[in-house]
Amino acid sequence: MNQHSIFKSTSIKPAPKTPKTRKGLATQAKLLEAAEAEFGERGYHDGSIVEITRRAGVGLGTFYVYFESKEAVFRALVTHMGHETRAYIAQQVEQAPDRLSAERIGMRAFFEFARAHRNLYKIVMESQFVAEDSYRAYYDTFAEGYRRNLQTAVDRGEIRPGDADIRAWSLIGLSVFLGMRYAIWDDQSDLEAVVDAALDMIERGLSLGTKP
């Protein structure tokens, strides 16, 4: 992530299979896209490997070349969602001049990404009940980069000192639930207005002013 960006399952977790050819990567991507649609529309428990392969236009045996099980492809989607979201936000905030500008740009980028990838957003939320370790890893990875970026901003004098870990998780929580309310549940909201209100609270807090 750019410097300005923003329970455990008891089952045995198979090691991911990494395709070695361009064709293999393309087939795996096609399966992930099909799984995104299947799980996003039907949920993990009602989703099926047969339907994933049907959506992808490949044979059932092809699925097992890339994924050991339904749980394995579900976990891969959670990891994929995290990577794609972080990459998109990092790209958007790359030229942000300071931390607060990065917060504004990054929050807007997150809302846009969530609105464009509703199924993946649902899958991440469901993962806390299906594969909690993957769910926690998804947010731990976000928080690690966020924490580092916030501390860098403090060192540069862009924001005042404070607990970078608590700040990181607070800002993540703010974006996640605002994204759910205004990007997922409501696709008509003015995202810029939502960002303006959120950034006003981030910059100024809830206080009426300086205490005497």
Side-chain angles (χ1 to χ4, degrees), residues 1-2 5-11 13-17 28-49 51-52 55-56 66-93 103 105-147 149 165 167-187 189 191 194-195 198:
M1 185 180 290
N2 180 271
S5 65
I6 61 194
F7 334 141
K8 296 183 175 58
S9 171
T10 56
S11 61
K13 305 167 190 61
K17 299 179 179 181
Q28 187 180 60
K30 189 187 301 183
L31 284 165
L32 282 171
E33 183 178 357
E36 174 189 340
E38 176 71 4
F39 292 137
E41 293 172 14
R42 303 180 63 191
Y44 175 76
H45 294 293
D46 289 335
S48 73
I49 293 175
E51 282 300 302
I52 290 172
R55 290 174 185 263
Y66 299 95
F67 302 103
E68 294 284 346
S69 62
K70 184 169 78 168
E71 181 182 339
V73 72
F74 185 84
R75 289 176 177 276
L77 276 173
V78 176
T79 301
H80 175 70
M81 175 62 165
H83 178 270
E84 292 299 304
T85 306
R86 293 192 303 274
Y88 182 77
I89 295 174
Q91 182 182 43
Q92 299 302 307
V93 305
E103 291 297 333
I105 297 169
M107 183 178 290
R108 174 59 189 260
F110 176 75
F111 294 162
E112 291 173 344
F113 188 89
R115 187 171 277 181
H117 299 81
R118 295 167 185 271
N119 284 337
L120 281 175
Y121 198 95
K122 292 177 184 177
I123 288 163
V124 171
M125 297 304 290
E126 187 179 16
S127 70
Q128 63 185 303
F129 308 109
V130 176
E132 188 179 0
D133 55 326
S134 292
Y135 177 76
R136 292 183 64 169
Y138 173 90
Y139 284 110
D140 280 340
T141 302
F142 261 102
E144 180 182 358
Y146 219 144
R147 182 170 56 243
N149 295 334
D165 190 59
R167 285 178 168 181
W169 284 100
S170 297
L171 290 167
I172 289 170
L174 183 68
S175 290
V176 167
F177 281 93
L178 286 176
M180 182 168 63
R181 167 63 179 83
Y182 294 103
I184 301 299
W185 292 353
D186 177 5
D187 61 2
S189 293
L191 294 181
V194 176
V195 172

Does a side-chain heavy-atom distance below 4.5 Å link [X] with [Y]?
X    : Y    : value
L32  : F67  : yes
E41  : R55  : yes
V194 : M107 : no
H117 : T85  : no
Y135 : V130 : no
L120 : E84  : no
Q92  : Y88  : yes
E36  : H80  : no

Please name the pair of heavy atoms, one in [X] and one in [Y], separated by the smallest distance, quoted to 0.1 Å.
X    : Y    : answer
N119 : A37  : ND2-CA, 3.8 Å
Y138 : V78  : CD1-O, 3.6 Å
A168 : A143 : CB-O, 4.1 Å
A35  : I123 : O-CD1, 4.5 Å
M81  : Y121 : CE-N, 3.7 Å

Any side-chain to backbone donor/acceptor pair from [X] onto [Y]? Under 3.5 Å, distance only.
X    : Y    : answer
Y44  : K70  : no
R86  : G82  : yes
E33  : A56  : no
R147 : D165 : no
R115 : D186 : yes

ask   = Relative to F39, does K122 satisfy both conditions: NZ or CZ under 6.0 angstrom from the six-membered ring centre, and within 45 degrees of the ring's axis?
value =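 So K122 doesn't make the cation-pi contact.
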Distance in Å, I89 CD1 paired with F142 CZ, rounded so as to fall on 0.5 Å steps =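 Taking CD1 in I89 and CZ in F142, the distance rounds to 5.0 Å.
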message = Nearest 0.5 angstrom please: L77 CG to F74 CZ, how far?
response =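 CZ of F74 is found 7.5 Å from CG of L77.
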request  = Starting from the C-alpha separation in whole Å, work towards a yes-or-no answer on side-chain contact (heavy atoms from CB on, under 4.5 Å) for L31 and V73.
outcome  = CA-CA 9 Å; L31 284 165; V73 72; 5.6 Å; no
query = L178 and F111: side-chain contact (heavy atoms from CB on, under 4.5 Å), yes or no, with the steps?
reply = CA-CA 8 Å; L178 286 176; F111 294 162; 3.6 Å; yes
